[in-house]
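Worksheet for the structure shown next.
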Amino acid sequence: MDGMTVVWIVVAAAVLVIVIALIAGAMSKRRSERQRQEAYEHEQQARSSAMHAERQQAAADEVDARARKAQAIADEKAAEARRLSAGASERRDAAAGARREADEHRDEAQNLWPDDNTDGTMSRDGKAGAMDEQPVRDESWDDGTHPHDPRHPKHSEH
């Protein structure tokens, strides 16, 4: 081999090394660019996910606030229902007491009523007998001769 062939082999080897270095550099640059692009995409995805998470958190907070409001309204309604129920119980008790008092007065009226009531019942207006009409006031009975008048001799026989 002569000297020129060696030079050409060295030059060819140098060119080959330079070409390989250029190819390796280009691949490294491409890989670096690809990694940078992936990092950018991941960063964008992270921002998007963070915004989505914030929207979800805001929606959850809003729903939670509505739930607390609904619970407060339900508690208020329950308290009102308890107050109304207590009032109804008081009124039922008062009505029962009034009914007992009315029954006592009716019983006493029946005990004091003269014996001309044959069936022993009270009419709807609280008067003895089966008739529901008001008695007609007769001026001729004002002298105490009416059988229901306390001045009647029937009542003084005791």
Problem set entry | Residues E33 and R36 bridged, charged N to O under 4.0 Å | yes

Hey, can you pull the donor-acceptor pairs under 3.5 Å for the side chains in residues 58-71, sequence neighbours left out?
{"unit_1": "D61", "atom_1": "OD1", "unit_2": "Q57", "atom_2": "NE2", "d": "2.9"}
{"unit_1": "D64", "atom_1": "OD2", "unit_2": "R68", "atom_2": "NH1", "d": "2.4"}
{"unit_1": "Q71", "atom_1": "NE2", "unit_2": "D75", "atom_2": "OD1", "d": "2.8"}

For this session: Verify the neighbour count for atom CD of E108: are there more than 12 heavy atoms of other residues, nucleotides or ligands below 6.0 Å?
Result: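 No - once you tally the heavy atoms of other residues, nucleotides and ligands closer than 6.0 Å, there are 12 at most.
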
Problem set entry | Neighbour count >12 (heavy atoms, 6.0 Å) for atom CD, E76 | no

Exercise. When you look at Q35 and E38, which way does the side-chain contact (heavy atoms from CB on, under 4.5 Å) test go after all the steps?
Worked result: CA-CA 5 Å; Q35 286 176 342; E38 285 180 25; 5.5 Å; no

Throw together a table of side-chain donor-acceptor distances under 3.5 angstrom for residues 77-94, partners on residues two or more places apart or in other chains.
{"unit_1": "S89", "atom_1": "OG", "unit_2": "S85", "atom_2": "O", "d": "3.1"}

For this session: Run through Q37, H42, Q44 and flag the one making a side-chain hydrogen bond (donor to acceptor under 3.5 Å, both in side chains) with Y40.
Result: Q44

Exercise. Given side chains that start at C-beta, do those of D2 and V6 come closer than 4.5 Å, heavy atoms only?
Worked result: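 They are not in side-chain contact.
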
For this session: Would you please test R106 and D103 for salt bridge (Lys or Arg N to Asp or Glu O under 4.0 Å) and show each step?
Result: CA-CA 5 Å; R106 187 178 303 115; D103 290 344; 2.8 Å; yes

Exercise. Do V10 and V19 belong together in a cluster built from hydrophobic side chains that touch within less than 4.5 Å?
Worked result: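 Unlinked, V10 and V19 end up in two clusters.
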
Exercise. Is V15 reachable from I23 through a run of hydrophobic residues whose side-chain heavy atoms are each under 4.5 Å from the next?
Worked result: yes

Exercise. S49 side chain to Q45 main-chain N or O, any donor-acceptor pair under 3.5 Å?
Worked result: yes

Exercise. Residues in side-chain hydrogen bond (donor to acceptor under 3.5 Å, both in side chains) with E104, at least two apart?
Worked result: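 By the side-chain hydrogen bond (donor to acceptor under 3.5 Å, both in side chains) rule, E104 matches no residue at all.
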
